[in-house]
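Notes follow the structure.
Order of listing sets the numbers, starting from 1, for every ligand and every atom in it. In what follows, residues are counted from 1 in the order of the sequence shown.
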Amino acid sequence: MKVGDRHYRSIWRDAQTGAVEIIDQRWLPHEFNCVQLDALQDFATAIRDMWVRGAPLIGATAAYGVACQMARDPSDAALGDAFDTLHATRPTAINLRWALEDMRALLSRQPESKRAEAAFARADQIADEDVETNRLIGLHGLEIVREIAATKAPGEAVNILTHCNAGWLATVDWGTATSPMYHAHAAGIPIHVWVDETRPRNQGAQLTAWEMVGAGIPHHLIVDNAGGHLMQHGLVDLVITGTDRTTASGDVCNKIGTYLKALAAHDNGVPFYVALPSSTIDWQVHDGVAEIPIEERSGREVTHVFGRGEDGRTQFVQISPDGTPGGNPAFDVTPARLVTGLITERGVARPSRDGLLELFPERRNAG
Ligand SMILES: CSC[C@H]1O[C@H](OP(=O)(O)O)[C@H](O)[C@@H]1O
């Protein structure tokens, strides 16, 4: 997406040096810092500490991490170390495992002399495929927004609520939940976005709001607990979120709090859509609540918040007593019965095994 007068992806290779660079998202919206990742531990730290985050972006970053490792040491041992080190960073987003398994399968078949070149080519391809996939998700999601717009008074905005950041900052570009918003805005359909702040890391307040400002899309930042009230009062026409892992039966694992939004949407008859690339579907898992590992992050993320102080410095400040520990499950699972549809690059699937197999028939025997 454009930032100022330049087009950015969330991860890219420097055209001159080939070095891998990212936007360090921890400091947004107050500071726009780009950093180079080189050593394997650079990539592991960037994923674990959420310099980059979002399932597709985590997968693409891991792919480039393997490539940089191959450039340093193309041995089987180094390949295995890259897989194990990066796989251990975050347990929930399926794209991390998918990308690492893809790279390992490719590189295991390559002679060591060709591994670095093959790895960077595949990592570039994963990144490029993510951009196109998310663009297509946006086109399919656009039709949902267009249908709702047709029911509104001329010029009246479609009110969309989104949770966390499933924007271009969570992917290589376009985003998943935000891609329909960008396409609708570009098509001249009036939209307004309710941006959930999304405690504890405030990806909505820090990242989605920043994206909305950059795109010129009307929006309001709201506390996580306001969504149900807004739905009760007819102020939400549509909910669109992202996902970190969706099961073969349509259960959706996403940022903590998504399940509560889905319950409120169901109770108020508000359509609840999830936007995802097929790389985020775990075809081996059918019961999301029972089977998807939920990342437990540091309690410090709950007891402290990041922001810009009156002195203009960006910093963490403590909001709770010294003796209060934080509990911090980072994701929850929304059962398929609460999901209206899954917006994929191939179209909108009913949230069920049959619904997904209609769009992805090649997966019929995938466990
Ligand atoms: C397009 S995936 C976005 C997904 O990832 C976020 O989690 P995190 O910021 O912890 O990586 C959140 O669940 C978003 O919906």
> Who else is in the cluster with V223 when I, L, V, M, F, W and Y are joined by side-chain contacts under 4.5 Å?
Replying inline: none
>> Who clusters with V333? Use side-chain heavy atoms, under 4.5 angstrom, across I, L, V, M, F, W and Y, and order the result by chain and number.
In response: V285, V289, I292, I294, F331
> Quick one: is the NZ or CZ of R6 closer than 6.0 Å to the six-membered ring centre of W12, and within 45° of its axis?
Replying inline: yes
> Can you find a side-chain donor-acceptor pair between N134 and T176 that sits under 3.5 Å?
Replying inline: no
> Around ligand 1, what residues show up once you keep those with a heavy atom under 4.0 Å from it?
Replying inline: M50, R53, G54, A55, P56, R90, C164, N165, A166, A170, T176, Q203, G242, T243, D244, N254, K255, F331
What side-chain donor-acceptor pairs closer than 3.5 Å can you find for residues 227-239, not counting sequence neighbours?
from, atom 1, to, atom 2, distance (Å)
D237, OD1, K152, NZ, 3.1
D237, OD2, K152, NZ, 2.8
D237, OD2, N159, N, 2.7

>> Going by ring pair (Phe, Tyr, Trp, His ring centres under 6.0 Å), W27 matches just one of W51, F306, F316. Which one?
In response: F306
